[in-house]
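Convention: sequence-line order gives letters A, B, ...; per-chain numbering from 1. Only a predicted model underlies this, so the values are computations on that prediction, with no experimental measurement involved.
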Amino acid sequence: MRRLAKVQERYDFSGIEKKWQQNWGQQSLYKVEERAGKQKYYCLEMFPYPSGNLHMGHVRNYSIGDVVARFKSMRGYNVLHPMGWDAFGLPAENAAIKNGIPPAKWTIANIHNMRSQLKSMGISYDWDREVATCLPDYYKWTEWLFLQLYKNGLAYKKKAHVNWCPGCATVLANEQVVDGACERCESIVEKKALEQWFFRITDYAQELLDSLVDLPGWPSKVKTMQENWIGRSEGAEIYFRAEKTGERVPVYTTRQDTAFGVTYLVLAPEHPLVEKLISGTAYEKPVREFVKRVQQMTEIDRTSTETEKEGMFTGSYVLNPLNNEKVPVWVANYVLLEYGTGAVMGVPAHDERDFAFAKKYKLPIRIVIQPLERELVLEEMTTAYTEEGIMVNSADYNGLPNTQGLVKVAAHLESAGFGKIKINFRLRDWLISRQRFWGAPIPIIYCEKCGALPVPEEDLPVMLPPDVEFKPTGESPLKYIPEFLNTKCHKCGGPARRETDTMDTFVCSSWYFLRYTDPKNTGEAFNRDKVDYWMNVDQYIGGVEHAILHLMYARFFTKALADFGLVGVREPFQNLLTQGMVLKDGSKMSKSKGNVVSPEEIIKKYGADTARLFILFAAPPERDLEWSDQGVEGSYRFLNRVWRLIYNYINDGKKINTGAELTPADKDLRRLLHTTIKKVTDDIEQRFNFNTAISAIMELVNGLYPYREKERQNMALVQETIDNLIILLAPFAPHFSEELWQAAGHEGSVHLMPWPVYSEEALAADVIEVVLQINGKVRDRIMVDACLTAEELKEAVMSIDKAKAAIDGKQVIKVITVPGKLVNIVVR
RNA sequence: GCCGAUGUGGCGGAAUUGGCAGACGCGGCGGUCUCAAAAACCGUUGGGUAUCCCCCAUGCCGGUUCGAGUCCGGCCAUCGGCACCA
């Protein structure tokens, strides 16, 4: 070998990992700056909530990201690979209520602990760019971005029905409602009307939908989920009129072609018209009772398809503008106020729900679409006909295919003033108010004279007060802190009070990837040049549980900020990798199941390199991964096997170089090395299949072991092979590789080495194995000259005994020859 | 109910463009070394069987093809998401 270097016989992972983590930190190996003329690569993993301890999901997420970052770096890219903390959130507040520890203290302590755990994994983060969303130098800019949204009309306040937990006496985020109950106290969640702040994400609904096609690097699963969430539908609003008052009652439908089949109209129980229609009539009491009963149902019961459709007549009628027919108005539990206009037209013949409802309450059914191949007969209908057909009983539209009717009725509605063409989205505006302490304050004040005013930018940040006493009242403590609550109006100087709601933590995580590009900027959220250099994120990696919320909000923010001229891209994440869960005994690791494997213990017992190697080897990244203690042992064994191999070569000088001429065994080893380089490169770069990349490296090691037994060995080749082996392992087992790299006599870090390039010439074998098939079944394998043409190959194969025997006495129908692979003889 | 994913040895998984099914690892079995064990190394390991020969085998049934884990049609199971969206 190059020179005798000191290498311990035993693989002392603990000492090695500590040593290199320190060394890399001291030489700032992973520090990165903008560099003109060098291709940038932004590799990002979803930042964690600082719960206190890393779990295996984190280990997997960050191991995957580190392979990508290290690989791209060795490929010559200027790689940005940052880490930070999604540090606001309810657990800190719960801890405060329970143990009296201030949220800030609890959070910072957790960050401390998790940072050191992350560092023990040896991930190539530029720690100088670390951000924590709960620190004023970060949330100042979260507040500032709120103001930009406010100024541009994208932040507004309105009264809304929100999830209210009576047990905790507080509002809950949607994600905290599990099966209609509070995740903390399991009380059934109620709806409560409160003044809340919203972001107008619906302004971007169409673009959020359309630009999904610009994201070929996203899993189609995630794109489909977002499509469904946005829920675009094309239809029309039809203005019915109240018979008595003439008041306009708009309904939304996607089937305006069936409007002549309307036999009743249904309002949502909360619809404001309900009270108007019934007050002072005989229907007042029973309908009110019905509405109350429906409202008391849990969200889950009300929106379940299992729930029986129930309704009640209001005693009033409306007129259908298309045919002036009088139809009864009902209230029913299956109509939702939040979607469309909160009122629907009932066309029982052509809608399943309407059909069931009409049958139950004996409402009339009228056929207005006839199928082409048969005729519907009212008395025989057991279900609605929802397919295409020809319009009937529809005045001027009779005989028209309903697909044309859709367009014509809509046009007529619009021209006659009876309605309008309408595109509806299921997506609602984003409710960002939280009645909590531990979040970014909403920078708004309420002046007695001037009303709601944004806090001037120069007064930011609105700071969270320290030393807050937490009582389990469930209300934001901010409300009870006069120093925070009371302020002066910057406009009139009069008394004002602050908004005490804080922002949803998803607001903080909607722009953190931008802050990483310029994390220490005290004058701006981020510098435009820096954000332009780094954005967008080339590879984003995280759990699929964020497929809708976080990823949609971050996309919305990026688009809005692009419209404000703050960033130059309209999509934040070019490529997305959604990693699978880490399972134990077939199910997700959880405390209640008692199947949690602690990363800290695994790292202590085997080292970070073994842990990383196992987690990358056990399954491809998108798939769920079954944890196996024996599998970890296997990875540990592999590293020891590599260690011993290289140790022996380094310390064993007796093998003599065979000289320049390569023996067949030398050629085989050299070919193995180069096929391994090719395979590992392709697996990382094109497929993210780290499991097969690692298995290829294992095969290389398995090939080196028998070579070591050979009498004649080419030491130059051995050195080349070992050097490349260490480099190939570097993204997976960084400390291990660094130590061996140095032991093999190299100066400098292995992580600064260029990624190896395979030689096409070295891949070529002189002789290759081809398969003989008879009628598609494998009958023999023979070695042939690699350079044979199809015709020569056919001849060579046909002449072997097995082929002759197979053909003997039979008729050869045809022979299929695939050079380099097989010859298939079809006989009869 | 709708949408999507997955289904391959005892286990995790591989087979990238339709071309040798089971790479690699775990586990098992046998051996070498050892007083012995561990570790390590070597060999072996889908099932059947007449045991270097053939048959069967990638959830099930059918199809296309010289050839199907891979493509097509129809089912089944598991997991995930959405779930009265008018």
Side-chain angles (χ1 to χ4, degrees), chain A residues 219-225 227-229 231-233 235 251-256 258 266 268 300 302-309 332-336 338-347 351-354 356-357 424-428 544-545 547-548 580-581 583 586-587 613-614 617-620 622-635 637-638 640-641 644 679 682-683 686-687 689 691-699 701-702 705-706 708-709 769-781 813-818 820-827:
Chain A
S220 50
K221 175 172 69 168
V222 174
K223 287 189 281 188
T224 305
M225 283 166 81
E227 259 174 55
N228 293 339
W229 189 265
R232 184 183 195 270
S233 75
V251 303
Y252 176 72
T253 180
T254 54
R255 290 299 304 273
Q256 56 273 19
T258 64
V266 194
I300 200 85
R302 241 187 106 170
T303 55
S304 164
T305 47
E306 319 273 278
T307 307
E308 177 89 4
K309 284 159 192 49
N333 60 353
Y334 70 92
V335 178
L336 307 170
E338 300 89 50
Y339 187 76
T341 62
V344 299
M345 58 186 208
V347 186
D351 181 282
E352 291 295 353
R353 285 160 309 177
D354 296 347
F357 194 76
N424 239 325
F425 293 95
R426 209 190 70 121
L427 181 73
R428 313 285 156 78
V544 74
E545 65 273 17
I548 295 169
M581 286 187 297
L583 310 177
S587 58
L613 196 70
F614 166 72
F617 177 66
E622 319 81 42
R623 273 220 245 177
D624 286 350
L625 181 152
E626 176 68 26
W627 184 265
S628 157
D629 291 333
Q630 284 167 333
V632 180
E633 293 271 1
S635 293
R637 206 145 49 209
F638 169 69
N640 276 289
R641 194 167 145 82
R644 267 194 311 277
K679 169 95 177 132
D682 290 350
D683 280 352
Q686 289 162 29
R687 309 199 305 154
N689 277 15
N691 55 332
T692 51
I694 293 167
S695 79
I697 299 173
M698 287 172 169
E699 284 180 86
V701 173
N702 291 347
Y705 263 83
R708 220 187 117 63
E709 301 305 312
E769 192 185 67
V770 295
V771 161
L772 163 66
Q773 290 187 344
I774 307 294
N775 292 340
K777 284 180 179 165
V778 179
R779 282 296 173 266
D780 205 1
R781 301 177 168 100
I813 310 285
K814 62 169 143 175
V815 179
I816 289 121
T817 310
V818 184
K821 290 227 164 106
L822 58 79
V823 175
N824 185 12
I825 305 170
V826 185
V827 296

Original post:
With a 4.5 Å heavy-atom cut-off, do A:F614 and A:E633 have their side chains touching?
Top reply: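 Side chain of A:F614 against side chain of A:E633, heavy atoms only: no contact under 4.5 Å found.
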**OP:** In whole angstrom, give the distance that lies between atom CG of A:L583 and atom P of B:rG13.
**Re:**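 One finds 9 Å between P of B:rG13 and CG of A:L583, rounded.
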Original post:
Over how many whole Å does the gap from A:E622 atom CD to B:rG13 atom P extend?
Top reply: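 Taking atom P of B:rG13 as the reference, CD of A:E622 is at 12 Å.
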Looking at [N], which nucleotide sits across from it as a Watson-Crick or G-U wobble partner, both distances under 3.5 angstrom, or is there none?
N: B:rC26; result: B:rG10
N: B:rC2; result: B:rG81
N: B:rU32; result: B:rA40

Original post:
Base, backbone or nothing for each nucleotide of nucleotides 17-27 of chain B, written B, S, -, heavy atoms under 4.0 angstrom, 5' to 3'?
Top reply: --BBS-BBSSS
Original post:
For every nucleotide of nucleotides 79-86 of chain B, 5' to 3': is a protein heavy atom under 4.0 Å from its base (B), only from its sugar-phosphate (S), or from neither (-)?
Top reply: --SSBBBB
**OP:** May I ask you to check whether A:F357 and A:Y334 place their ring centers less than 6.0 Å from one another?
**Re:**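 Yes: the rings meet the under 6.0 Å criterion.
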Subject >> Residue met sooner reading RNA chain B from 5', once A:K679 and A:P706 are mapped to nucleotides >> reply: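 Its nearest nucleotide lies further toward 5', so the answer is A:K679.
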Original post:
Can you find a side-chain donor-acceptor pair between A:N702 and A:R641 that sits under 3.5 Å?
Top reply: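 Present: a donor and an acceptor within the cut-off.
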Original post:
Expressed in whole Å, how much space separates the C1' atoms belonging to B:rC41 and B:rG48?
Top reply: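 My reading of the C1' atoms in B:rC41 and B:rG48 gives 33 Å.
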Over all heavy atoms of both residues, which pair between [X] and [Y] is shortest? Give the atoms and the distance, please.
X: A:N824; Y: A:N775; value: OD1-N, 3.5 Å
X: A:V335; Y: A:A268; value: O-CB, 3.4 Å
X: A:V778; Y: A:R781; value: CG1-NH2, 4.1 Å

Original post:
For A:D683 and A:T692, what are the C-alpha separation, side-chain angles and deciding distance, and is it a side chain to side chain donor-acceptor pair (under 3.5 Å)?
Top reply: CA-CA 7 Å; A:D683 280 352; A:T692 51; 2.8 Å; yes
